[in-house]
Participant: 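My structure is below; once you've seen it, I'll send some questions.
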Number of protein chains: 2
Amino acid sequence: MANFPFQRLQSDLAELIKKTPAGQRLPSEPDLAKQLGVSRATLREAMRSFETQGLIRRRQGSGTFVVGKVQALDSGLEVLESLETIAKRMGLEVSISDLNIESIVADEELSALLGVPQDAKLTRVRRVIRAESRPVAYLVDILPEEILHIKDLPADFHGSVLDCLLERGDLLTSSRANISAIGASADVAKPLEIQRGDVLLHFHAQLFNAENKVVDYSFSYFIPGYFHFHVVRRVGNG
Amino acid sequence: MANFPFQRLQSDLAELIKKTPAGQRLPSEPDLAKQLGVSRATLREAMRSFETQGLIRRRQGSGTFVVGKVQALDSGLEVLESLETIAKRMGLEVSISDLNIESIVADEELSALLGVPQDAKLTRVRRVIRAESRPVAYLVDILPEEILHIKDLPADFHGSVLDCLLERGDLLTSSRANISAIGASADVAKPLEIQRGDVLLHFHAQLFNAENKVVDYSFSYFIPGYFHFHVVRRVGNG
DNA sequence: CAGTGGTCTAGACCACACG
DNA sequence: GTGTGGTCTAGACCACTGA
């Protein structure tokens, strides 16, 4: 018995996943745990990283499946584009699910972020973005109702609030995005069909119009393996 | 007994941490688990997110401590600056530890990334960056030996390879950084004094000189709570 | 040395998918 | 119903800290 079960386990798992054809189901967790000589808890912990890399997908009630090589959505951060636009350019299919549109009221935090009075009415749009039928991102946009009323959203809304505003002719200039990493909370883990605590890349951003007013505040959660975000950084004058 | 132990647990923990003075030790894990009516495994899972937020710090053998409010290092991604430069501008103390400088040989991957022949000699610099004595980032730079030989590093090297090259007068233009999120591997968890699997923000970047040659390839791992990275994104012409 | 966090185990019960 | 992954428990052993 190795002294470091976890390291061994990860390489064993990597090998197993590699040699399993795409779409195939892995042995069940209890079986696999026995085969690999570890407890189920340890096995599950080791599987997490493979899931955030997009190599496997677990589905409650049905099993854990090996995923074929995924084409990640590739985007430079200097330009703000919708995921739809990026996907289209790359020739990928994306769709949305779990669409939820609600009218909410500004609390202290939102009133500060959006520059509106407290208790102002807001529109919140939440949805899951899927690439090749897999959930890959969870997006939440919050806008003042004057900017976007629930009724303003087209019946065939297909995922991007940004594209909606642009098509309408709104003059938008830029977005300020904060970039972080978080563990998935229960709220976001469920729609993304991942485990609570799984690693996510997280943006929260303010979108500005030509008058420098905030028209949209958004939270975005990305499953890392499905995205390649990059940015070119100028070297500061030394 | 609540049906959702975890949610309750997280808010109970948040409250406990809030009302505990900075620097104070929390009860031990077995004690706390009993107090809160959960198993130790569940308690530890719930504590993870507070650690990546920089609210608590766990030290093996001594205990879990509440951390006073931290001033995060704030940086725009348009400009590449060393963490040292950022910290200095903000009036924060940073130091380095676990400095390791080695000569290595290019494998296939590194030869492609750095644009050097396979088996070329490279210099690798690894170190932990600490802010107010806490580990907050783990940085690895890899450069061709012609660019930076081990002997070229000053005896008083204090953390930034970028600053080193700039002070020497190298003409550097820009860096291309890829941004992702990962769970900490054992290798990086140990020097950062966090748990394996904890959430980290991850950059890997190529640094270019005036001739558009790659002079440095770097991996960076950041504990999310100690950093605020942001970027201004131009709205793509719709 | 006693007490702490770090890791792992074995087993239980649940919610969900599918036949 | 049966089998899957999702969650939680109770307890063990280890490595480390600090008196």
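Chain letters run A, B, ... following the sequence lines, proteins first, then strands; residues in each count from 1.
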Participant: Check whether the side chain of A:Gln60 and the base of C:dA17 form a donor-acceptor pair under 3.5 Å.
Facilitator: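 Flag unset: no donor-acceptor pair detected.
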Participant: Rounded off to whole Å, could you give me the CZ-to-P distance for the B:Arg59 and D:dG18 pair?
Facilitator: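 Value for this atom pair: 7 Å.
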Participant: In whole Å, what is the span from the CZ atom of B:Arg44 to the P atom of C:dT7?
Facilitator: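 In whole Å, C:dT7 P and B:Arg44 CZ are 7 Å from each other.
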Participant: Base, sugar-phosphate, or nothing: which does A:Arg40 touch, judged by heavy atoms less than 4.0 Å apart?
Facilitator: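 Base, at least one base heavy atom under 4.0 Å.
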Participant: By the 4.0 Å heavy-atom rule, please label A:Arg57 as base, sugar-phosphate, or nothing.
Facilitator: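 It contacts nothing in the nucleic acid.
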Participant: By nearest atom, which of the nucleotides C:dG6, D:dC8, C:dT4 is closest to the B:Thr42 side chain?
Facilitator: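 Closest nucleotide to the B:Thr42 side chain: D:dC8.
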Participant: Please report whether the ring centroid of B:Phe219 lies less than 6.0 Å from that of B:Tyr138.
Facilitator: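 For B:Tyr138 and B:Phe219, the ring centres are not under 6.0 Å apart.
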Participant: What's the spacing between A:Leu99 CG and A:Arg126 CZ if we round to 0.5 Å?
Facilitator: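 Answer for the CG-CZ pair, A:Leu99 versus A:Arg126, is 10.0 Å.
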Participant: How about B:Tyr221 and B:Phe203: are their ring centres within less than 6.0 Å of each other?
Facilitator: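 No, the ring of B:Tyr221 stays outside the 6.0 Å limit from the ring of B:Phe203, centre to centre.
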Participant: Strictly below 4.0 Å: does A:Thr64 bring a side-chain N or O up to OP1 or OP2 of D:dT4?
Facilitator: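 The answer is no; no side-chain N or O of A:Thr64 sits under 4.0 Å from OP1 or OP2.
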Participant: When you get a sec, tell me which of D:dG5, D:dC16, D:dT9 is the closest nucleotide to the side chain of B:Ser39?
Facilitator: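 So the nucleotide nearest the side chain must be D:dT9.
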Participant: Closest to the A:Pro30 side chain: C:dT9, D:dG5, D:dT4?
Facilitator: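 The listed nucleotide nearest to A:Pro30's side chain is D:dG5.
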Participant: If you only use heavy atoms from C-beta on, which nucleotide in C:dT7, D:dC16, D:dC8 is closest to the side chain of B:Arg196?
Facilitator: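 Side chain of B:Arg196 sits closest to C:dT7.
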Participant: Check the distance between C:dC8's C1' and A:Leu9's CG and give it to me in whole angstrom.
Facilitator: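 A:Leu9 atom CG is separated from C:dC8 atom C1' by 11 Å.
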Participant: Closest approach to the side chain of B:Ala41, judged atom by atom: which nucleotide of D:dG5, D:dT9, C:dT7 is it?
Facilitator: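 My answer, after comparing the listed nucleotides, is D:dT9.
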Participant: Taking atom C1' of C:dT4 as reference, at what distance in whole Å does atom CD of B:Gln195 sit?
Facilitator: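 It works out to 14 Å between those atoms.
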Participant: Using a strict 4.0 Å threshold on nitrogen-to-oxygen distance, state whether B:Arg89 and B:Glu81 make a salt bridge.
Facilitator: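 A salt bridge links B:Arg89 with B:Glu81.
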Participant: What is the distance from CZ of A:Arg58 to P of C:dA17, rounded to the nearest Å?
Facilitator: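 Between P of C:dA17 and CZ of A:Arg58: 16 Å.
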Participant: May I have the distance from A:Leu43 (atom CG) to C:dC8 (atom P), rounded to whole angstrom?
Facilitator: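 The answer, rounded to whole Å, is 12 Å.
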Participant: Taking only side-chain N and O atoms of A:Arg25, does any of them lie within less than 4.0 angstrom of OP1 or OP2 on D:dT4?
Facilitator: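 For D:dT4, OP1 or OP2 has a side-chain N or O of A:Arg25 closer than 4.0 Å.
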Participant: Starting at CD of B:Glu51, measure out to OG1 of B:Thr64 and round the result to the nearest 0.5 Å.
Facilitator: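 Between atom CD of B:Glu51 and atom OG1 of B:Thr64 there are 8.0 Å.
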Participant: Whole angstrom is fine here: how far is it from NZ in B:Lys190 over to P in D:dC16?
Facilitator: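 Result: 7 Å.
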Participant: Let me know the distance between CG of A:Leu32 and P of D:dG5, rounded to the nearest Å.
Facilitator: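 That distance rounds to 9 Å.
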Participant: Looking only at the side chain of B:Ser28 (C-beta and beyond, no hydrogens), which of the listed nucleotides C:dT4, C:dG6, C:dT9 gets closest?
Facilitator: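 So the nucleotide nearest the side chain must be C:dT4.
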